[in-house]
Amino acid sequence: MLKTNFNPSEEHLNNIKKWLIEEWNKTNSGFYCNWNIIKHGFARNNVIVITKNDFVIGFIVYRAYDFQAIIDITEIKPTERKKGIARRLINDTLDYFKQKGLLVCHLHCSPENSESFWKRIGFENFPDLPHNSTINMFKPLIETLKPTEKAESDTNISLWNCEPYQANGEKAKWNWDLSFVEDNETLTKPIIFPVSSDWQVELTKNGQKVISEKVKRFPIDLADSGSFMIIRKLTT
């Protein structure tokens, strides 16, 4: 019987170590080389496991911040792969993050050949970011407003994938047409999108440009929250 456990025991940690060592000795691969990260994650209660008859056959190590979770390691025991166990563990983990009030999950895709798997369960690639050579992927944990190539309404947010001095005369890369609930401030759907904090972003309301600034200086809701621009409410 499979069970996802969000508070694993020392014995569960020993289960993980046992089969990671076996995998490393047989194939010189797997995440035993990151054992210290796993052990420290366990000490912080940041390890989630999936068990079969109370023996761990898969685990996730993560970090959680105010609004985002970062998955550091995900692995399934080699003999238990291609059985849907990873999907079950990850979906249960994402539900757990959502229940804790987190808004988005982020990961570095390693090994690189796992990218197709993460895409199948709904993760998307980051846009190209400055000084970044790894495959970064993300998945919002709530329904979000999706960007378009061109703004269609007179109240919108536009984003360039460059700094303001480079954006002059260039079309915005992404646009979000905004709609609101009854208070006329809270977005019907929030914007959650990975960005560089130095990129140019603009707010236009009723056809008038209100703010044009770097993301990190954009004074709206959670505009610069770690690796993401998160906007739920306009207060200006």
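Reckoned from all heavy atoms, side chains included, excluding hydrogens, waters and symmetry mates. Owing to the predicted nature of the structure, the values given are computational and were not obtained by experimental measurement.
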- request: Using the side chain to side chain contact (heavy atoms under 4.5 Å, CB included) rule, pick out the option among Asp177, Thr204, Asn206 that qualifies with Ser153.
  value: Asp177

- line: Paired with Val201, the side chain to side chain contact (heavy atoms under 4.5 Å, CB included) test is passed by just one of Val215, Ile220, Ile211, namely Val215

Search all heavy atoms of [X] against all heavy atoms of [Y] and return the closest pair with its distance.
X	Y	value
Tyr62	Val47	CE2-N, 4.0 Å
Ser227	Gln68	N-NE2, 3.6 Å
Phe42	Pro8	CE1-O, 3.3 Å
Ser158	Asn156	OG-OD1, 3.5 Å
Asn113	Ser116	O-OG, 4.0 Å

Only distances under 3.5 Å count here; give the side-chain donor-acceptor pairs of residues 97-112 to other protein atoms, sequence neighbours excluded, each with its distance to 0.1 Å.
from: His106; atom 1: NE2; to: Asn136; atom 2: OD1; distance (Å): 2.9
from: His108; atom 1: ND1; to: Asn136; atom 2: OD1; distance (Å): 2.7

query: Considering only heavy atoms from C-beta outward, does the side chain of Glu124 approach that of Lys139 to under 4.5 Å?
result: no

- prompt: Less than 4.5 Å apart, any side-chain heavy atom of Val61 and any of Phe59?
  reply: yes

Residues 83-90 side chain polar contacts: donor-acceptor under 3.5 Å, at least two apart:
from: Lys83; atom 1: NZ; to: Thr79; atom 2: O; distance (Å): 3.3
from: Lys83; atom 1: NZ; to: Glu80; atom 2: OE1; distance (Å): 3.1
from: Arg88; atom 1: NE; to: Asp92; atom 2: OD2; distance (Å): 3.2
from: Arg88; atom 1: NH2; to: Leu2; atom 2: O; distance (Å): 3.3

- prompt: Are a donor atom and an acceptor atom from the side chains of Ser212 and Gln200 found within less than 3.5 Å of each other?
  reply: yes

How far does [atom1] of [X] sit from [atom2] of [Y], to the nearest 0.5 angstrom?
X	Y	atom1	atom2	result
Lys17	Glu10	NZ	CD	10.5 Å
Ile121	Leu94	CD1	CG	7.0 Å
Leu203	Gln208	CG	CD	11.5 Å
Ile60	Ile38	CD1	CD1	12.5 Å
Leu222	Arg232	CG	CZ	4.5 Å
Ile157	Asn175	CD1	CG	10.5 Å

- prompt: Is there a donor-acceptor contact under 3.5 Å from the side chain of Asn125 to the main chain of Met137?
  reply: no

message: For Ile231, is there any backbone N or O sitting under 3.5 Å from a side-chain donor or acceptor partner on Asp221?
response: no

message: Walk me through whether Arg81 and Glu75 qualify under salt bridge (charged side-chain N to carboxylate O under 4.0 Å, His left out).
response: CA-CA 9 Å; Arg81 292 173 187 169; Glu75 185 166 358; 2.8 Å; yes

message: I'd like to know if Tyr65 and Phe67 are part of one continuous hydrophobic network [Ile/Leu/Val/Met/Phe/Trp/Tyr, side-chain heavy atoms within less than 4.5 Å].
response: no

- prompt: Knowing that exactly one of Phe218, Trp160, Trp174 qualifies, which makes a ring pair (Phe, Tyr, Trp, His ring centres under 6.0 Å) with Trp199?
  reply: Trp174

- prompt: Among all residues two or more places apart in sequence or in another chain, which pass the ring pair (Phe, Tyr, Trp, His ring centres under 6.0 Å) test with Phe123?
  reply: Trp118

field: Pairwise side chain to side chain donor-acceptor pair (under 3.5 Å) hits with a residue in residues 28-41, at least two apart
entry: Thr27-Ser29

message: Could you walk me through whether Lys77 and Phe55 satisfy the side chain to side chain contact (heavy atoms under 4.5 Å, CB included) test, starting with their C-alpha distance in whole Å, then the side-chain angles of each, then the deciding distance to 0.1 Å, before giving a yes or no?
response: CA-CA 11 Å; Lys77 190 173 185 284; Phe55 184 89; 4.0 Å; yes

query: Please walk me through it: do Glu11 and Asn14 pass side chain to side chain contact (heavy atoms under 4.5 Å, CB included)?
result: CA-CA 5 Å; Glu11 184 59 30; Asn14 291 333; 4.0 Å; yes

Indicate every side-chain donor-acceptor pair of residues 182-198 with a distance under 3.5 Å to a residue at least two apart or in another chain.
from: Asp183; atom 1: OD1; to: Glu185; atom 2: N; distance (Å): 2.9
from: Asp183; atom 1: OD1; to: Thr186; atom 2: N; distance (Å): 2.8
from: Asp183; atom 1: OD2; to: Thr186; atom 2: OG1; distance (Å): 2.7
from: Thr188; atom 1: OG1; to: Ser179; atom 2: O; distance (Å): 3.2
from: Thr188; atom 1: OG1; to: Ser179; atom 2: OG; distance (Å): 3.0
from: Thr188; atom 1: OG1; to: Phe180; atom 2: N; distance (Å): 3.3
from: Lys189; atom 1: NZ; to: Glu143; atom 2: OE2; distance (Å): 2.9
from: Ser196; atom 1: OG; to: Asp198; atom 2: N; distance (Å): 3.3
from: Asp198; atom 1: OD1; to: Lys216; atom 2: NZ; distance (Å): 2.7

query: Checking side chain to side chain contact (heavy atoms under 4.5 Å, CB included) for the pair Thr51/Ile57: CA distance, chi angles, key distance, verdict?
result: CA-CA 5 Å; Thr51 61; Ile57 57 171; 5.9 Å; no

task: Please report the C-alpha distance between Glu22 and Lys26 in whole Å, then the side-chain angles of each, then the deciding distance to 0.1 Å, and finally whether the salt bridge (charged side-chain N to carboxylate O under 4.0 Å, His left out) criterion is met.
output: CA-CA 6 Å; Glu22 290 175 353; Lys26 288 179 180 179; 5.5 Å; no

message: If you take the centroid of each ring, where Trp contributes its six-membered ring, are Phe126 and Phe228 closer together than 6.0 Å?
response: yes

Name the atoms and distances for all side-chain donor-acceptor pairs under 3.5 Å in residues 161-168, with sequence neighbours left out.
from: Glu163; atom 1: OE1; to: Lys214; atom 2: NZ; distance (Å): 3.4
from: Gln166; atom 1: OE1; to: Glu163; atom 2: N; distance (Å): 3.1

